[in-house]
Amino acid sequence: SGQPRSAKAQRELSPEEQQELRRKINSRERKRMQDLNIAMDALREVMVPYVSSPSSASSSQSQNPGVAPGRRLSKISTLILARNYILLLGSSLQEMRRLLGELTMGMGINTGPVSRLLLTGGWPLISSPSHILL
DNA sequence: TAGGCCATCTGGTCCT
DNA sequence: AGGACCAGATGGCCTA
């Protein structure tokens, strides 16, 4: 009973049927990995301006270790950069909130919908970047 | 030539 | 039961 059902069921098949089943499983796995790569490419596309901007290109070695300038981002580099970018956006938003708070409270400025959203942390994902850490 | 990156195959496990 | 997900193994390609 220690054997997994699929392996047991597989052994009861004829060699031809086993081969056909293997082909189907391999094909599904290939498709799954291809979908994953499509998603990775989409993420790369978002990250490209962040990585290859002229200002960061020269200093990319210190800021983005493992990222070779002019080359396609590896999967691991894409994920690490995306994480760093999200953290950066989170802290930028926090700073914006702080400045907006100083402005509106210190000067009695009437807050519009955008500033109200920022001040009240209307976007939980960004207001708490740690929620989306791996 | 060594090391990094990647695609593919495979068997096991989890989920519906 | 079948499909999705995962991790290990393997071999190919490319670059320093």
Side-chain angles (χ1 to χ4, degrees):
Chain A
S1 67
Q3 296 293 342
R5 283 170 305 179
S6 59
K8 185 183 175 187
Q10 232 175 347
R11 273 198 305 276
E12 289 164 358
L13 300 174
S14 71
E16 291 78 16
E17 286 169 327
Q18 282 187 35
Q19 218 173 7
E20 180 56 29
L21 181 60
R22 247 305 131 199
R23 264 197 291 269
K24 275 172 71 177
I25 292 173
N26 290 347
S27 170
R28 272 201 307 271
E29 176 65 7
R30 249 180 280 128
K31 173 73 166 52
R32 193 183 72 83
M33 294 308 295
Q34 281 163 9
D35 290 345
L36 190 63
N37 286 336
I38 287 171
M40 188 65 72
D41 281 339
L43 184 58
R44 263 190 204 104
E45 218 166 292
V46 172
M47 297 310 298
V48 159
Y50 171 61
V51 176
S52 60
S53 66
S55 61
S56 70
S58 57
S59 60
S60 65
Q61 291 300 57
S62 58
Q63 278 190 326
N64 306 315
V67 177
R71 293 202 55 201
R72 192 185 76 148
L73 278 179
S74 70
K75 290 180 179 182
I76 183 72
S77 297
T78 302
L79 291 176
I80 290 171
L81 282 167
R83 177 184 180 274
N84 290 343
Y85 190 45
I86 289 167
L87 292 175
L88 180 73
L89 290 178
S91 58
S92 298
L93 187 56
Q94 232 177 346
E95 179 64 6
M96 279 180 62
R97 284 209 186 100
R98 194 186 64 75
L99 292 173
L100 201 55
E102 278 179 14
L103 266 177
T104 54
M105 286 164 201
M107 306 172 75
I109 292 174
N110 191 20
T111 58
V114 173
S115 53
R116 269 203 300 277
L117 187 71
L118 286 169
L119 286 168
T120 56
W123 197 358
L125 263 185
I126 294 298
S127 69
S128 306
S130 59
H131 289 172
I132 52 176
L133 292 182
L134 297 176

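A note on names: the letters A, B, ... follow the listed sequences, proteins ahead of strands, and every chain is numbered from 1. Source: prediction; values computed, not measured.
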> Just how far, in rounded Å, is P of dA7(B) from CG of N26(A)?
Replying inline: 16 Å

> Are D41(A) and R44(A) ion-paired here, with the side-chain N under 4.0 Å from a carboxylate O?
Replying inline: yes

>> Just the rounded figure in Å: distance from C1' of dC9(B) to CD of E20(A).
In response: 16 Å

> Separation of I80(A) atom CD1 from dG4(B) atom C1', in whole Å?
Replying inline: 14 Å

>> Side chain of R44(A) only, heavy atoms from C-beta on: which candidate in dG11(B), dT8(B), dC6(B) is closest?
In response: dC6(B)

>> L99(A) vs M96(A), test: side chain to side chain contact (heavy atoms under 4.5 Å, CB included). Steps then yes/no.
In response: CA-CA 5 Å; L99(A) 292 173; M96(A) 279 180 62; 5.9 Å; no

> Stepwise, does the side chain to side chain contact (heavy atoms under 4.5 Å, CB included) test hold for K75(A) with N37(A)?
Replying inline: CA-CA 9 Å; K75(A) 290 180 179 182; N37(A) 286 336; 2.9 Å; yes

> Which residues, ordered by chain and number, are linked to L36(A) in its hydrophobic cluster, where ILVMFWY side chains connect at heavy-atom gaps below 4.5 Å, directly or through other members?
Replying inline: M33(A)

> Are any side-chain N or O atoms of T104(A) and backbone N or O atoms of L100(A), one a donor and one an acceptor, separated by less than 3.5 Å?
Replying inline: yes

> Side chain of R30(A): nearest nucleotide among dA7(B), dC9(B), dC6(B)?
Replying inline: dC9(B)

> If you round to the nearest 0.5 Å, how far is OG of S74(A) from CD1 of I80(A)?
Replying inline: 7.5 Å

> Within the pair K31(A) and dG3(C), is there a side-chain N or O less than 4.0 Å away from OP1 or OP2?
Replying inline: no

> Tell me: CG of L21(A) to P of dG12(B), nearest whole Å?
Replying inline: 13 Å

>> Tell me the interatomic distance from M33(A), atom CE, to dC5(B), atom P, rounded to whole angstroms.
In response: 15 Å

Polar atoms only, N or O, under 3.5 Å: list the protein pairs with nucleotides 10-16 of chain C and their distances.
none

>> Between P on dA1(C) and CG on L13(A), what's the gap in Å once rounded to a whole number?
In response: 11 Å

> How long is the gap from CD on Q94(A) to CG on L89(A), to the nearest 0.5 Å?
Replying inline: 12.5 Å

>> How long is the straight-line distance from CZ of R32(A) back to CD of E29(A), given to the nearest 0.5 Å?
In response: 4.5 Å

>> Let's see if you can work this out: which of dT8(B), dC6(B), dC9(B) has an atom nearest to the side-chain heavy atoms of S74(A)?
In response: dC6(B)

All N/O pairs under 3.5 Å across the protein-nucleotides 4-9 of chain C interface:
from, atom 1, to, atom 2, distance (Å)
dC6(C), N4, E29(A), OE1, 3.4

>> What is the separation between atom CZ on R22(A) and atom P on dG3(C), rounded to the nearest whole Å?
In response: 13 Å

> Would R98(A) and E102(A) pass as an ion pair if we require N to O under 4.0 Å?
Replying inline: yes

> For R23(A) and dT10(B), what is the distance between atoms CZ and P respectively, to the nearest whole Å?
Replying inline: 11 Å

